[in-house]
Asks: 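Quick one: the structure is below, questions incoming.
No experiment lies behind these values; they were computed from the predicted model shown. When a ligand or atom number is given, it counts from 1 through the structure's own listing order.
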Amino acid sequence: MEKRWWKESVVYQIYPRSFKDSNGDGIGDLNGITEKLDYLKELGIDVIWLSPVYQSPNDDNGYDISDYQAIMSEFGTMEDFDRMLGKAHDLGIRIVMDLVVNHTSDEHPWFVESRKSADNPYRDYYIWRPARDGKEPNNWGSCFSGPAWQYDEATNMYYLHLFSVKQPDLNWDNPKVRDEVFSMMNWWLDKGVDGFRMDVISLISKKPDLPDGKPGINGYASFNEPANGPHVHEYLQEMRRRVLEGRDTITVGECSGVTLEEAKKYARSDEKELNMVFQFEHMDVDADGSNKWSDKKMDLRDMKQVLTKWQKGLEEIAWNSLFWENHDQPRSVSRFGNDGEYREMSAKMLATCLHMMQGTPYVYQGQELGMTNVPFGDISDFRDLDSINAYHELTTQGVFSEEEMLRFLRYKSRDNARTPFQWNDQENAGFTSGTPWIMVNPNYREINAQEQMAREDSVFHYYQKLIRLRKENAIIVYGTYDLLLPDDPELYVYTRTLEEEKLLVICNFYGNTREYTLPEDWQPDAMECLIGNYKEVKTGRTMTIRPYEAVVFRRKN
Ligand code: NOJ
């Protein structure tokens with residue numbers, strides 16, 4: 001297998017609005033990030049993925065961009081950006097920008113022009129259609145509730161927005177749109193950034209006839225309907241030729257609706273498109289069919305089946321990205337672990353289970369502390385338009401009661417991941433001296449970076465060790481993965497193999513104590529513990545696996 005630095009790296013995602021506020025306006029900013037780069041260096045990560053920092057009216061917290069070559073005023077200035085980039089590079093940390101080009105803001109000058117008249121030179125930058133039978137052109141729904149079409153009086157036509165009304169979809173079939181996007185990407189790379197995370201890049205190519213899809217619980221077809229469209233690979237190959245070729249970058253495509261077969265095309269190791277993709281199948285194991293609003297707990301067997309399918313399916317062909325969390329998902333310790341008695345144990349267990357798989361691991365800010373979901377009160381505590389719109393739509397339609405919907409939001413809302421980073425036990429968790437834009441999780445007095453950095457057995461230090469082990473053991477990066485015990489409902493056990501070397505990873509996803517018998521080719525006296533979340537590990541042919549225990553053994557030859 002080809003060795004690559006981005007396979008050997010660990011990426012840390014920063015959601016700038018909630019990371020660190022340097023000027024007391026209650027909103028995180030670039031100078032706040034610069035201040036905390038030493039913290040990230042100490043954690044040991046190699047790359048930062050910055051959620052969008054561009055000029056934006058913030059309908060969707062920066063995922064609605066009105067100027068791709070300017071910094072959001074609340075986050076600082078281009079000089080602040082350059083300083084941050086310079087310091088990151090001095091520390092050996094690379095910076096990946098969030099490339100949001102499936103859509104722009106409706107306040108982007110291109111759209112302001114586009115909506116003016118049907119013959120405006122920017123008209124075809126976006127997707128306009130006449131009404132069908134006096135209504136929307138098809139039955140697609142927006143990701144954020146309601147239809148994916150907005151009627152515009154000026155020209156008596158509808159425009160497509162797979163996300164909010166303020167996020168009109170760009171028309172990638174127009175070569176001028178591709179020229180604009182590619183030249184903007186080149187501008188950022190010339191400035192020195194190290195790559196891109198590409199927002200919903202799987203959605204950029206729509207079938208020309210925009211066919212209806214199967215309706216979901218709110219009556220609309222999924223926003224994912226256009227996933228993996230007819231020209232997506234062609235456009236990404238064009239991007240490779242016109243932007244990325246000859247540059248040493250890292251690229252990861254956010255590919256909602258991606259299948260294994262499609263992922264092999266996006267992230268094939270011949271490097272004609274992207275280095276890797278985010279797939280979401282393992283984020284759906286606790287959904288209620290196609291509906292994410294539920295508080296159903298996953299069945300570990302489903303999780304193992306999905307992750308194993310991706311581990312084996314991409315082996316030798318393409319590269320995986322590994323994640324439990326990001327700014328669109330609730331906190332993993334509350335979702336797949338235990339955020340009560342076993343919070344630290346289960347946070348470490350989840351980290352072990354993920355970081356020992358093949359692929360590039362992504363750590364979302366606060367995950368390295370085992371930050372948890374948030375005890376939001378009523379709907380007024382939420383800031384995320386996805387959560388707020390879904391609450392109103394589904395309670396108004398009578399699909400769920402208000403109590404039910406609040407329960408689901410507390411479990412699944414994106415805002416669970418968006419509360420301020422917990423730096424210390426001071427006011428507002430040390431995030432801001434002002435009023436934070438979203439509530440602080442009240443558990444910051446117990447869960448914060450300062451406390452964990454001072455304590456040897458903290459989640460922070462466990463992540464630090466996992467990241468270091470990756471640098472010291474090629475098998476963690478390049479070894480092949482094989483699942484054991486596929487039908488065990490509580491233990492996730494797998495091996496990694498690199499030539500003569502072998503690792504055995506044992507993770508208990510539940511609070512029960514379990515017996516586990518070693519595979520035939522493992523001898524208790526010929527193996528050593530590489531890392532584990534309990535202090536002492538007793539090896540034997542049959543071992544006792546404690547609640548939420550994670551342990552990794554290396555076989556001695
Ligand atoms: C995916 C992003 O991760 C999410 O936060 C955003 O709302 C949508 N794409 C729209 O850009």
Asks: Ignoring hydrogens and geometry beyond distance, is a side-chain donor-acceptor pair present between T360 and W6 at under 3.5 Å?
Replies: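 Per modelled atom types, T360 and W6 side chains form no pair under 3.5 Å.
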
Asks: Report the C-alpha distance between W423 and F19 in whole Å, list the side-chain angles of each, state the deciding distance to 0.1 Å, and finish with yes or no for ring-ring contact (aromatic ring centres under 6.0 Å, His included).
Replies: CA-CA 9 Å; W423 291 105; F19 192 58; 5.2 Å; yes

Asks: Got the closest protein heavy atom to atom 7 (O) of ligand 1, with its distance?
Replies: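 Looking at atom 7 (O) of ligand 1, the protein heavy atom closest to it is D60 OD2, 2.5 Å.
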
Asks: So among Q367, H327, Q365, which one has a side chain to side chain donor-acceptor pair (under 3.5 Å) with Q13?
Replies: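 Testing each of Q367, H327, Q365 against Q13, the sole residue satisfying side chain to side chain donor-acceptor pair (under 3.5 Å) is H327.
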
Asks: Do Y362 and Y364 have side-chain heavy atoms sitting under 4.5 Å apart?
Replies: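 Y362 does not reach Y364 side chain to side chain.
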
Asks: Could you tell me whether ligand 1 has any atom less than 4.0 Å away from a heavy atom of R197?
Replies: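 Checking ligand 1 against R197, which is what was asked, there is a heavy-atom contact under 4.0 Å.
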
Asks: Which ligand 1 atoms are under 4.0 Å away from a heavy-atom of R414?
Replies: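 Result: 4 (C), 5 (O), 6 (C), 7 (O).
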
Asks: Report yes if the distance between the aromatic ring centroids of Y54 and W188 is under 6.0 Å, otherwise no.
Replies: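 Distance test on ring centres: under 6.0 Å, yes.
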
Asks: Minimum distance, heavy atoms only, to atom 3 (O) of ligand 1: which one of V100, D328, V101 is it?
Replies: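 Ranked by closest heavy atom to atom 3 (O) of ligand 1, first place is D328.
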
Asks: Backbone, side chain, both or neither: what part of F278 comes under 4.0 angstrom of ligand 1, heavy atoms only?
Replies: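 Contact part for F278 vs ligand 1: neither.
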
Asks: Under 4.0 Å from a heavy atom of H103: which atoms of ligand 1 are those, numbered in the order shown and with their elements?
Replies: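 Contacts of ligand 1 toward H103, numbered from 1: 10 (C), 11 (O).
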
Asks: At a 4.0 Å threshold, what atoms of ligand 1 neighbour a non-hydrogen atom of F144?
Replies: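 The atoms of ligand 1 under 4.0 Å from a heavy atom of F144 are 7 (O).
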
Asks: Can you name the atoms of ligand 1, numbered from 1 with element, that are less than 4.0 Å from a heavy atom of F163?
Replies: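 Contacts of ligand 1 toward F163, numbered from 1: 8 (C), 10 (C).
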
Asks: Is there a donor-acceptor contact under 3.5 Å linking the side chains of S9 and R94?
Replies: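 Side-chain D/A pair, S9 to R94: absent.
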
Asks: Do you see a donor-acceptor pair shorter than 3.5 Å between the side chains of Y126 and H108?
Replies: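 The answer is no; no qualifying pair exists.
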
Asks: Can you report which non-hydrogen protein atom sits closest to atom 9 (N) of ligand 1, along with the distance?
Replies: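 I find the closest protein heavy atom is D199 OD1, 3.0 Å.
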
